Amino acid sequence: MTALTPCSVEERGALEAVAIAYCRAVDRIGDIEGVLALFTPDAVYDLSGIGMGEFVGHDGIRGFFAAAFPTMTHAAHYVSNFAVLAFDATRAEAEGYVHAFARNIDGSMIDVKACYRFAFALGDTGWKISGLSIRLLLPPAS
């Protein structure tokens with residue numbers, strides 16, 4: 001990004017609202033179209049930081065969630081420490097800490113403490129996620 005300008009409270013709030021909407025959409029388990037509505041058509045969903053690969057575009061992201069949702073019974077994602085790192089009129093980058101839980105059909109539990117890195121793009125319908133990656137803050141408990 002070039003020529004960064006300060007991010008207003010309203011703009012920061014709009015970006016954070018998209019991050020929260022993503023967590024809530026995932027927690028609804030099964031609402032793939034609701035998740036995809038938050039991403040640009042060419043978005044990169046990079047889960048390689050937790051060993052799960054990278055998924056590109058709506059088709060790739062849809063494929064990931066079509067495989068993941070049927071294995072889950074419950075999910076809860078909490079995002080905090082949201083910080084806008086870069087901002088201009090049509091693009092932004094931000095990070096937020098996430099504590100994510102999921103219970104699987106087999107009874108196993110996932111507990112992840114990580115940092116989401118968001119890339120956002122402003123389009124005709126508002127801000128959308130153009131990239132989302134994750135890196136662990138704490139290793140999983142053994």
Side-chain angles (χ1 to χ4, degrees), residues 1-2 4-5 7-142:
M1 269 183 255
T2 59
L4 297 178
T5 58
C7 181
S8 72
V9 170
E10 292 81 9
E11 291 157 333
R12 182 197 183 284
L15 295 170
E16 187 174 20
V18 176
I20 291 168
Y22 163 76
C23 292
R24 293 174 60 89
V26 171
D27 291 346
R28 284 193 294 272
I29 303 175
D31 183 11
I32 296 173
E33 295 309 311
V35 173
L36 292 176
L38 300 166
F39 285 87
T40 61
D42 60 347
V44 176
Y45 188 61
D46 184 1
L47 302 179
S48 58
I50 56 172
M52 298 178 76
E54 183 178 279
F55 307 89
V56 178
H58 280 188
D59 288 342
I61 298 167
R62 181 182 286 109
F64 170 77
F65 282 105
F69 280 154
T71 68
M72 299 165 62
T73 62
H74 298 83
H77 290 74
Y78 304 97
V79 67
S80 66
N81 298 18
F82 189 82
V84 177
L85 306 174
F87 180 85
D88 68 26
T90 61
R91 302 193 73 69
E93 294 178 13
E95 285 186 341
Y97 289 1
V98 64
H99 194 172
F101 303 90
R103 176 162 291 139
N104 293 316
I105 289 172
D106 67 6
S108 63
M109 188 82 170
I110 297 168
D111 181 355
V112 176
K113 293 129 183 121
C115 181
Y116 281 156
R117 176 78 181 236
F118 293 94
F120 295 102
L122 183 62
D124 295 339
T125 59
W127 289 101
K128 298 221 178 206
I129 301 166
S130 59
L132 176 54
S133 62
I134 186 170
R135 69 177 165 78
L136 290 177
L137 292 172
L138 295 173
S142 54

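Not measured: the values here are computed from a predicted model.
For Tyr97 and His99, the gap between ring centers reaches or exceeds 6.0 Å. Taking the ring centroids of Tyr45 and Phe65, they lie under the 6.0 Å cut-off.
Of all non-hydrogen atoms in Ala25 and Leu38, the two that sit nearest each other are CB-CD1, 4.2 Å. Residue Met72 comes nearest to Ala102 through the heavy atom pair CE-CB, 4.0 Å, listed as atom of the first residue, atom of the second, then distance. Taking every heavy atom of both residues into account, Ala89 and Leu122 meet most closely at O-CD2, 3.3 Å. Of all heavy-atom pairs spanning Leu15 and Phe82, the tightest one is C-CZ, 3.8 Å. Contact record, Phe69 with Val26: CE2-O, 3.5 Å, taken as the closest heavy-atom pair. The minimum heavy-atom distance linking Phe39 with Lys128 is given by the pair O-CD, 3.8 Å.
Put simply, the side chain of Phe101 reaches to within 4.5 Å of the side chain of Tyr78, judged on heavy atoms. Contact annotation: the side chain of Arg117 approaches that of Leu85 to within less than 4.5 Å [non-hydrogen atoms, C-beta and beyond]. Using a 4.5 Å heavy-atom cutoff, the side chains of Val79 and Tyr22 are not in contact.
Listed for the Asp106 side chain is a donor-acceptor partner under 3.5 Å among the backbone atoms of Ser108. A donor-acceptor pair under 3.5 Å links the side-chain atoms of Thr73 to the main chain of Arg103, judged by distance alone.
With salt bridges taken as basic N to acidic carboxylate O contacts below 4.0 Å, none links Asp27 and Arg24.
Applying the side chain to side chain contact (heavy atoms under 4.5 Å, CB included) test between His58 and each of Asp42, Val35, Leu36 identifies Leu36 as the sole match.
The distance from atom CD of Glu54 to atom OG of Ser48, rounded to the nearest 0.5 Å, is 6.5 Å.
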TODO: For Leu47 and Phe64, run side-chain contact (heavy atoms from CB on, under 4.5 Å): C-alpha distance rounded to whole Å, both residues' side-chain angles, the deciding distance at 0.1 Å, then the answer.
DONE: CA-CA 10 Å; Leu47 302 179; Phe64 170 77; 3.5 Å; yes
